[in-house]
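Have a look at the structure below, then the notes.
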Amino acid sequence: MDKLILIDGNNIIYRAFFAMPPLTNAAGQQTNAVYGFTTMLLRLIEEHKPTHMIVAFDAGKTTFRHEGYQDYKGGRQKTPPELSEQFPLLKELLRGLGVPQFELETYEADDIIGTVSRQADEAGRSVMIVSGDKDMLQLASAHTTIALVRKGVTEIELYGPEQIREKYGLTPEQITDLKGLMGDASDNIPGVPGVGEKTALKLLHEFGSVEGVLEGVESLKGKMKERIETHAEDARMSKKLATIYREVPLAHTWEEMAFPGLNPDTAGPALAKLEFRSLLERLNLSGSSAGGEEAAERPPAPELEIVITDEAKLPEVAAALPDVQALHVETYGENPHRAEVIGLALSTSGRHYYVPFELLKQEAAAPLLEWLGDPGIRKTGYDLHRADLALHWKGIAFAGAYHDTQLAAYLLDPTEANQSLSDLVAKYGLPRLAPDEEVLGKGAKYRLPELAKLGAHVAGKSAALLGVAAKQERELADTSMSGLFHDLEMPLSRILADMEKQGIVASTGDLRELGKEFESQIAGLAEKIYAIAGTEFNLNSTKQLGEILFVKLGLPVVKKTKTGYSTDAEVLEKLAPYHEIVQLILQYRTIAKLQSTYIEGLLKEISPEDGKVHTYYRQTIAATGRLSSQFPNLQNIPIRLEEGRKIRKMFVPSEPGWSILAADYSQIELRVLAHISDDERLKEAFVLDMDIHTKTASDVFGVPAEAVDSNMRRSAKAVNFGIVYGISDYGLSQNLGITRKEAAQFIDQYFGIFQGVRRYMDEIVLEARKAGYVTTLLGRRRYLPDINASNFNLRSFAERTAMNTPIQGTAADIIKLAMVEMDRELAGRGLKSRMLLQVHDELVFEVPPDELEQMKSLVPEVMEGALKLSVPLKAEVSYGSNWYEAK
DNA sequence: CTGGTCACG
DNA sequence: ACGTACGTGACCAGA
């Protein structure tokens, strides 16, 4: 079956240029656009296996379109030289790869593509057109699909006539009418001023075409009618400009477009010349030019033996359970507590079974349910934490997670965003797995395909798991993270799921009541503010607020943002002395935040079934190894201001008579710093259990501790924070409201005293430069690719990260250890107390009265003993009838 | 869908 | 000279 791919060369290289970070070869020539183009090209070849292919380029400076309209593509920025230099490179590379390229004087790439696609269409051949330009949609037909490139060049959306109808309610031909009405700023096509996509679509749905709209203009009214009448000619011309010319006099034959596959003899040298080593490797061409005949692509997807399970086949699945090596649970929905379970797939070495979720209710599925819930059976999967939660709320127990490929991928590189299973499969050069988006769509476009296709996709995932897991185990061992993975993160993931399922009660009634109080305060404040401003406006709009403060009231502009005046709290504090309205706005902000995020937001998350909030701890987000919390975030419940702190009264035990018990590490990050820097002074402070900020002040200012006043302590505290964050004089000056010079002096003084800390800061940066990454005490890694950047900002950022990550990350390691140990203790001692929340340096429990005494000593003991450092760890415990009281 | 703002450690 | 403190998530406005 013939398949032709037509690539809009100019468009794609342009997109690639702006999407890719700068990349230069040894000679200093920029190659980023060619690289981006090539990765996309190779992906197209792998995924769509074309038999014929061409890349079309614009030729010449003026085209026939300019004859009718001088300004066509006027106002467009000149092509930057860094990009134009890359065209010859790309063309040479394409020759090496064996991809035909077409161009023709006075015609644009669009027109060439339009013409070739028409010819192919007429011959009944299957065509795919690749471009970032929506204009191309007009070429879609029964045989022709448009692949719209999105997000730089990394994603592709496929459009046939059906998809165009779904999205716009238009036929492909009507795309030209759409452009005729709305215009296109990037091509300087005017359209009708004031008519955007929305209006244009409405008009077309009613009148069908530009001509139809012009004829029917009488039936319109007001401004719209006027606009269209005055710009009728613009509309006609715009449509013409947007119409792709499909009669270009091309002499090329079908045979000239043939693409028999990459030619390894010439592709290797061409890629090598551009220094695209990663691509050479991906194509297995890195050896000599003769890298093997068929090695030009990733291993072809083996034909999987997939069984779509129906009721009758459940016994066969049951019989296969002992041979299962991996499973994938397909869910739908962001919040796993509310997610749908679509189905699951089980992989043995030979067969892959897809089991639709409904089948799990059948009696014959009992062995499968038992298998899922058996903690003794080791399971390999992807995001098993999510699977566990989703299944739990459907009444199905899950246990035995052994290797979670998502979690392993996170440990191997916690900052890599693209860690979908499909990405991992690609990373390891395994047979391709379609991204979910391609099969299921996303957002509003999410649709389950027919059973066979769905089953094949989900089974494809489970089939991919074993290969990925094997590679990861190897890599974890090579990077000394196997222990971190199997003894800490994997066990923790089950504990987190338990905490989340347990949830914490949030008192709906009390929240509503507090909400009413806030509401009347908000109304009162708003009224006063409007009265002073002399007008009502949207107080939540920084834009409108800026207008009032800086234009109407003429207050001085302290700081600007990208988009206008800054009105954040720091700015408002400075403005407060100038005008009484400012203080009111600050109060309004405070209460409005509490109301929207913590009253209304929290109420929305309370489950009507059990009156609890079930947060979702994410173990694979924070680059330092910390957890994050979502739906709702229970790691940022107010505490600093009393008004907000009251929110904590709403969090209560789930059983009468029980208590909330909270324990937090005291100065864990500075204690960690004392340990890893081995600074004598800092260690001494903790060994003697002194107030660290007072001690710092006394040392830095050279006065006895008794002589440290509150101001000195405040400064020392800011320095201590700064040290942990990777200090800079600027940051400290901002924080303390002093000059940069003073801050620099201050830091110097600090380092003079705490020389071990200085040595650590210097060494960790050197180490990062050398190794390219930093680690925590437990060996958790973070790569810092910018540590050697020539850009000052990027490099400075990386340096501060190098200083901070081992500290923050080790603290995260420690509390994770404490959680695993705590879980073990609770189970071992048969306690009924439950661990509910983690807030970075704090653990929150609910505790029955008869366990209170025991827990008061056990929890801090476990936390303090989680990891042995050269300074003691300290945890402080408190309890009460709610989270507020546990202070 | 991004930016501004603000809640937490 | 460069222009920032480290790590998160939720809400709102306004394209």
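A, B, ... follow the sequence lines: proteins, then strands. Residue 1 opens every chain. These numbers were taken from a predicted model, which means no experiment stands behind them.
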Side-chain H-bond candidate by donor/acceptor type, [X] with [Y], under 3.5 Å:
{"X": "A:Thr624", "Y": "A:Gln808", "value": "yes"}
{"X": "A:Asp413", "Y": "A:Thr415", "value": "yes"}
{"X": "A:Asp436", "Y": "A:Tyr446", "value": "no"}

Rounded to whole angstrom units, what separation is found between the [atom1] atom of [X] and the [atom2] atom of [N]?
{"X": "A:Ile747", "N": "C:dT4", "atom1": "CD1", "atom2": "P", "result": "17 Å"}
{"X": "A:Lys816", "N": "C:dG7", "atom1": "NZ", "atom2": "P", "result": "16 Å"}
{"X": "A:Leu732", "N": "C:dG3", "atom1": "CG", "atom2": "C1'", "result": "16 Å"}
{"X": "A:Lys562", "N": "C:dG14", "atom1": "NZ", "atom2": "C1'", "result": "15 Å"}
{"X": "A:Ile637", "N": "C:dT8", "atom1": "CD1", "atom2": "P", "result": "19 Å"}

Is it the case that C:dG3 (base atoms only) and A:Arg740 (side chain only) share a donor and an acceptor within less than 3.5 Å, ignoring hydrogens and angles?
yes
Could you list the donor-acceptor pairs under 3.5 angstrom formed between side-chain atoms of residues 645-652 of chain A and any protein atom two or more places apart in sequence or on another chain?
from, atom 1, to, atom 2, distance (Å)
A:Arg648, NE, A:Pro638, O, 2.8
A:Arg648, NH2, A:Ile637, O, 2.8

Side chain to side chain, A:Phe550 and A:Thr567, heavy atoms closer than 4.5 Å
yes
Qualifying salt bridge (charged side-chain N to carboxylate O under 4.0 Å, His left out) pairs, either residue in residues 773-785 of chain A, two or more places apart:
A:Glu489-A:Arg780, A:Arg780-A:Asp813
Other residues, nucleotides and ligands only: do more than 12 of their heavy atoms fall within 6.0 Å of [atom1] on [X]?
{"X": "A:Lys717", "atom1": "NZ", "result": "no"}
{"X": "A:Phe721", "atom1": "CZ", "result": "no"}
{"X": "A:Glu416", "atom1": "CD", "result": "yes"}

Can you name the one residue among A:Ile585, A:Asn538, A:Ile581 that meets side chain to side chain contact (heavy atoms under 4.5 Å, CB included) with A:Leu545?
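Of all the options given, the one that passes is A:Ile585.
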Do the ring centers of A:His840 and A:Tyr665 come within less than 6.0 Å of each other?
no
Between the side chains of A:Asp748 and A:Arg758, is the shortest nitrogen-to-carboxylate-oxygen separation below 4.0 Å, so that they form an ion pair?
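Salt bridge present between A:Arg758 and A:Asp748.
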Restricting to nitrogen or oxygen on both sides, can you table the protein-nucleotides 10-12 of chain C pairs closer than 3.5 Å?
from, atom 1, to, atom 2, distance (Å)
C:dA10, OP1, A:Phe631, N, 3.0

Using a cut-off of strictly less than 4.0 Å between a heavy atom of the residue and any atom of DNA chain B, enumerate the qualifying residues of residues 777-806 of chain A by number.
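The answer is none.
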Taking any atom closer than 4.0 angstrom to a non-hydrogen atom of chain A, what span of DNA chain B does the protein reach, first nucleotide to last?
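For DNA chain B, the relevant span reads B:dG3 to B:dG9.
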In which stems does DNA chain C show up, taking only runs of three or more Watson-Crick or G-U wobble pairs whose two distances fall under 3.5 Å?
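Output for stems: B:1-9 with C:6-14.
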